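Structure record follows, encoded as structure tokens.
Every chain is numbered from 1 and lettered A, B, ... according to where its sequence line falls, protein lines coming before strand lines. Here the structure is a predicted model, which is why all the values come from computation and not from measurement.
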Number of protein chains: 2
Amino acid sequence: MKVINHIREVRQRKGITQIKLAEDLQVTRQTINAIEKNKYNPSLELSLKLAEYLDVPFTSLFYLDKSEENAE
Amino acid sequence: MKVINHIREVRQRKGITQIKLAEDLQVTRQTINAIEKNKYNPSLELSLKLAEYLDVPFTSLFYLDKSEENAE
DNA sequence: ATTATATGTAAATATATCTTTACATCTTGT
DNA sequence: ACAAGATGTAAAGATATATTTACATATAAT
């Protein structure tokens with residue numbers, strides 16, 4: 001069961017660059033890029049910071065993909 | 001800034017053992033124990049599964065400790 | 001006291017998350 | 001065309017998360 005995130009959409013809607021988001025959250029730009037490109041999931045701590053920073057409900061930013069009920 | 005979790009309290013309130021929780025979520029009992037004892041944070045995927053399984057709002061189960069604003 | 005169940009913990013190992021450095025590509029404006 | 005800013009990506013290394021096995025302690029019931 002995979003995790004879906006809507007970071008890119010929310011970030012772009014707010015006119016924020018990956019660079020600014022990374023700097024403000026004290027991670028590297030590559031980390032933001034990798035997460036947006038679904039290379040891996042953010043840690044719980046970073047996830048909470050992202051939702052807070054982007055000012056959206058946590059579960060609208062991250063949720064489980066129910067279509068892959070049986071998948072790895 | 002650390003992550004606070006209320007897994008133990010919610011789990012006990014529901015009368016669920018670490019063993020059952022671990023089995024139902026397909027992780028080991030040691031993983032549940034370590035998370036409850038704050039050895040480390042759950043992954044984002046496991047965090048989402050925990051909130052769903054325990055049937056509580058995500059941000060009432062996990063949140064950032066604002067009292068450690070400047071701490072590592 | 002003994003048994004059963006639940007919880008705590010440790011070491012070794014595997015995989016996931018994140019950083020650093022570096023270079024490539026894309027887009028937009030001039 | 002050129003430059004500047006934004007994004008994509010890769011390899012090597014560090015730290016975090018999770019498993020496996022094993023043993024210890026706690027608690028409650030009989």
B:Leu44 CG - C:dT17 P separation (whole Å):
9 Å
Below the 4.0 Å mark, does D:dA18 have OP1 or OP2 next to a side-chain nitrogen or oxygen of B:Thr31?
no
So how far is it from B:Ile32 CD1 to B:Ile16 CD1, rounded to the nearest 0.5 Å?
10.5 Å
When you measure from the side-chain N and O atoms of B:Lys37 to the phosphate of C:dG8, is any distance below 4.0 Å, counting only OP1 and OP2?
yes
Interatomic distance where CD1 belongs to A:Ile7 and C1' belongs to D:dG8 [whole Å]:
16 Å
Between D:dT7, D:dT9, C:dA6, spot the one nearest the side chain of B:Thr17, thanks.
C:dA6
Atom CG of B:Leu21 and atom C1' of C:dA6 are separated, to the nearest Å, by 13 Å
Measure from the side-chain heavy atoms of A:Leu46 and tell me the nearest of D:dT17, C:dT20, C:dC18.
C:dC18
In whole Å, I'd like the distance from the CG atom of A:Asn5 to the P atom of C:dT17.
12 Å
Rounded to the Å, how far apart are B:Ile19 CD1 and C:dT7 C1'?
8 Å
Rounded to whole angstroms, how far apart are NZ on A:Lys2 and C1' on C:dA16?
12 Å
Please determine whether a side-chain nitrogen or oxygen atom of B:Ser43 lies at a distance below 4.0 Å from atom OP1 or OP2 of C:dA16.
no
Closest to the B:Thr28 side chain, choosing from C:dT21, D:dT21, D:dT19
D:dT19
Given DNA chain C, 5'-ward residue of the pair A:Lys39 and B:Ile16, judged by closest heavy atom
B:Ile16
Has A:Gln18 got a side-chain N or O lying under 4.0 Å from the OP1 or OP2 atom of D:dG8?
yes
Phosphate OP1/OP2 of D:dG8: any A:Arg8 side-chain N/O under 4.0 Å:
yes
What distance separates A:His6 NE2 from A:Leu61 CG, expressed to the nearest 0.5 Å?
8.5 Å
Among C:dT19, C:dT21, C:dA10, which nucleotide has an atom closest to any side-chain atom of A:Tyr40?
C:dT19
Short question: side chain of B:Lys14, backbone of B:Leu54 - any donor-acceptor pair under 3.5 Å?
yes
Assign B:Gln26 to base, sugar-phosphate, or nothing according to its heavy-atom contacts below 4.0 angstrom with the strands shown.
sugar-phosphate
Should the side chain of B:Gln30 and the base of C:dT7 be counted as holding a donor-acceptor pair, with the cut-off at 3.5 Å?
no
CG of B:Leu48 to OG of A:Ser47: how many Å apart, nearest 0.5 Å?
8.0 Å
Side-chain N or O of A:Asn33 versus OP1/OP2 of D:dG8: is the shortest distance under 4.0 Å?
yes
For B:Arg29 and for A:Ile35, find the nucleotide of DNA chain C with the closest heavy atom, then tell me which residue's nucleotide is more 5'.
B:Arg29
When the distance from CG of B:Asn38 to P of D:dA18 is rounded to whole Å, what number comes out?
13 Å
Is the phosphate of D:dT7, meaning OP1 or OP2, less than 4.0 Å from a side-chain N or O of A:Arg11?
yes
Separation of D:dT20 P from B:Glu23 CD (nearest whole Å)
13 Å
Residues A:Lys66 and B:Glu52 bridged, charged N to O under 4.0 Å:
yes
Reckon A:Glu36 touches a base, only the sugar-phosphate, or nothing at all at heavy-atom distances under 4.0 Å?
nothing
Inter-residue atom distance A:Leu44.CG - B:Ser43.OG, 0.5 Å rounding:
8.5 Å
